Asks: 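To start, I am sharing the structure in question, which I have written as structure tokens.
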Protein chains: 2
Amino acid sequence: MTLAEENYLKAIFHLEFENGGEVSTNAIAERMDTKPSSVTDMVQKLAEKDVLVYKRYKGVQLTDEGKKLAAYVIRKHRLWEVFLVDKLNFHWDEVHEIAEQLEHIQSEELIIRLNEFLGNPDFDPHGDPIPDEHGVLKRTEKKLLSELDKNQQGVCVGVKESSPEFLQYLDKKEISIGTKILVLGKEFFDGSMIIRVGNNQFFISHKIAESLFVQTT
Amino acid sequence: MTLAEENYLKAIFHLEFENGGEVSTNAIAERMDTKPSSVTDMVQKLAEKDVLVYKRYKGVQLTDEGKKLAAYVIRKHRLWEVFLVDKLNFHWDEVHEIAEQLEHIQSEELIIRLNEFLGNPDFDPHGDPIPDEHGVLKRTEKKLLSELDKNQQGVCVGVKESSPEFLQYLDKKEISIGTKILVLGKEFFDGSMIIRVGNNQFFISHKIAESLFVQTT
DNA sequence: ATATATTTTAAGCTTTGCCTAAAATTATAA
DNA sequence: TTATAATTTTAGGCAAAGCTTAAAATATAT
Ligand SMILES: [Mn+2]
Ligand SMILES: [Mn+2]
Ligand SMILES: [Mn+2]
Ligand SMILES: [Mn+2]
């Protein structure tokens with residue numbers, strides 16, 4: 001597997017996970033920021049390698065092998081992110097790009113030992129679950145903050161967006177994984193909210209509210 | 001810098017360090033396991049980038065920039081080796097291939113923090129010095145075990161060869177960095193020796209003796 | 001049924017890193 | 001010093017990866 005192939009696999013895995021069923025050429029093209037014709041090329045190459053099933057005009061679906069490979073790359077990515085934050089004291093908004101490189105390092109033993117060294121973590125610094133050694137990614141029961149109603153409370157368990165800009169916004173507002181958030185008010189016209197975080201209360205837009213995952217108890 | 005370019009730089013740096021002066025096309029080809037014509041190609045590309053000076057038929061010499069880049073790759077390689085051995089409990093004969101990949105990860109901050117995390121190590125697990133942040137590689141005053149005479153003693157400070165086979169041989173003989181070695185006898189015909197290590201004494205060939213670095217006090 | 005959207009094919013481009021064979025240059029040795 | 005040998009460079013080319021545009025094929029929606 002080349003670096004590009006691994007990145008396609010990851011993208012397809014995520015799309016399949018998000019939407020279920022076959023993944024369309026256009027969806028992959030958008031995600032990978034390439035042209036659909038490039039996707040067709042690549043997808044045919046990946047089908048040759050039996051990591052996905054491709055039917056002309058019908059989209060693709062990962063095989064078990066493909067799912068395993070993709071989940072493994074994601075596992076590596078997230079383990080490295082844990083390493084960077086927990087051991088090297090990086091901040092959660094700085095680790096993605098580096099993990100994007102580290103995820104392609106080839107050594108099974110390395111990942112076994114890294115995982116042990118990190119104490120078998122279940123989640124990465126952004127609250128995303130780490131696939132296990134067999135490529136199983138557990139679905140967590142979490143909802144978007146935007147789905148909460150007035151007076152409901154949730155604990156922040158992850159971010160949907162993990163761009164530095166968004167993460168830095170969260171820092172400014174003192175929101176991180178584990179923070180309790182109470183919805184004081186909700187504007188149904190635009191989905192904006194007033195929330196309480198610790199001793200502060202403030203306004204957030206719908207865009208923010210739908211980028212934060214929370215768990216209600 | 002691509003991966004291949006970085007590997008050429010490393011090879012040239014080592015050759016220059018070992019032999020001094022210009023490095024010949026053939027020497028590079030042999031080290032990189034390619035044809036001389038491929039080396040000429042690459043060397044011309046590297047000259048374009050001002051990391052070395054190339055004069056047709058006269059060999060090459062790294063510029064300051066080139067030396068700095070090469071030393072930095074070597075620094076990364078050796079720091080990662082320390083990480084693998086000290087933190088992930090790899091054995092010293094297992095780390096080279098993985099470090100060969102990790103050395104190409106691009107992130108200055110990563111290396112700054114990795115270095116701190118490891119406590120600013122000066123040597124890698126094979127006793128090789130780690131270039132500092134400015135690309136300075138200190139020459140250590142060490143000699144080959146084969147240079148010692150009868151009754152001389154040295155402390156093992158490094159290995160010239162670091163193939164798994166050789167390192168495993170050393171393990172079997174209970175020799176590692178820091179081990180005291182006493183030369184009990186030396187055969188001038190073939191350079192073989194009888195040495196004492198701890199409570200054992202045994203025969204070693206010249207090939208072994210010239211693959212071990214020692215420091216005499 | 002027709003228009004629109006999606007997807008695939010065909011053809012080709014660029015980069016990277018190699019190679020062989022032939023020519024050029026330098027080194028060596030008679 | 002000149003012939004021979006060794007080294008190095010050029011010329012030309014190949015293959016793999018990943019892309020792209022333009023045109024053709026297929027699917028979908030009105
Ligand atoms: Mn990430
Ligand atoms: Mn990636
Ligand atoms: Mn090494
Ligand atoms: Mn390398």
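Just so it is clear, the structure is predicted and the values come from calculations on it, not from any experiment. Throughout, a chain's letter reflects where its sequence line sits, starting with A, and its residues are numbered from 1.
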Asks: For C:dG17, does either OP1 or OP2 sit under 4.0 Å from a side-chain N or O belonging to B:K45?
Replies: yes
Asks: For the residue pair B:F213 and B:T140, establish whether any side-chain heavy-atom pair is separated by less than 4.5 Å.
Replies: no
Asks: Using a 6.0 Å cut-off, check whether atom CD of A:E48 has over 12 heavy atoms from anything other than its own residue.
Replies: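 Atom CD in A:E48 is not packed in, count stays at 12 or less.
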Asks: Starting at the 5' end of DNA chain D, which residue's closest nucleotide do you reach first, A:A4 or A:K58?
Replies: A:A4
Asks: Report yes if the side chains of A:V60 and A:L46 come closer than 4.5 Å at any heavy-atom pair, otherwise no.
Replies: no
Asks: Rounded off to whole Å, could you give me the CE-to-P distance for the B:M1 and C:dT16 pair?
Replies: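 Value for this atom pair: 11 Å.
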Asks: Does the C:dT20 base have a donor-acceptor partner in the side chain of B:S37 within less than 3.5 Å?
Replies: yes
Asks: 5' to 3' on DNA chain D, which nucleotides open and close the contacts with chain B (atom under 4.0 Å from a heavy atom)?
Replies: D:dT7 to D:dT10
Asks: What is the separation between atom CG on B:L9 and atom P on C:dG17, rounded to the nearest whole Å?
Replies: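 My rounded result for the distance is 12 Å.
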Asks: Taking only side-chain N and O atoms of B:Y57, does any of them lie within less than 4.0 angstrom of OP1 or OP2 on C:dA27?
Replies: no
Asks: Rounded to the nearest Å, what distance is computed from the CE atom of residue B:M32 to the C1' atom of nucleotide C:dT16?
Replies: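 Nearest whole value for this atom pair: 13 Å.
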Asks: Rounded to the nearest Å, what distance is computed from the CD atom of residue B:E5 to the C1' atom of nucleotide C:dT15?
Replies: 11 Å
Asks: Is the shortest side-chain N/O distance from B:T34 to OP1 or OP2 of C:dC18 below 4.0 Å?
Replies: no
Asks: Angle, rounded to 10°, between the helical axes spanning five pairs at each terminus of the helix from C:dA1-D:dT30 to C:dA30-D:dT1?
Replies: 0°
Asks: In whole Å, what is the span from the CD atom of B:E22 to the P atom of C:dT26?
Replies: 14 Å
Asks: Would B:E22 and B:K55 satisfy salt bridge (Lys or Arg N to Asp or Glu O under 4.0 Å), going step by step from the backbone distance to the final call?
Replies: CA-CA 10 Å; B:E22 301 77 21; B:K55 283 202 182 122; over 6 Å; no
Asks: Which heavy atom in B:I208 sits nearest to a heavy atom in B:F166, and how many Å separate them?
Replies: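 Minimum heavy-atom separation between B:I208 and B:F166: CD1-CE1, 3.9 Å.
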Asks: Within this structure, what is the CD1-to-C1' distance between A:I28 and C:dT8, rounded to whole angstrom?
Replies: 14 Å
Asks: Using whole Å, report how far CE of A:M42 lies from P of C:dT8.
Replies: 15 Å
Asks: Using whole Å, report how far CD of B:Q44 lies from P of C:dG17.
Replies: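 Roughly 15 Å, once rounded to whole Å.
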Asks: Using a 6.0 Å cut-off, check whether atom NZ of B:K207 has over 12 heavy atoms from anything other than its own residue.
Replies: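 Incorrect, the count does not exceed 12.
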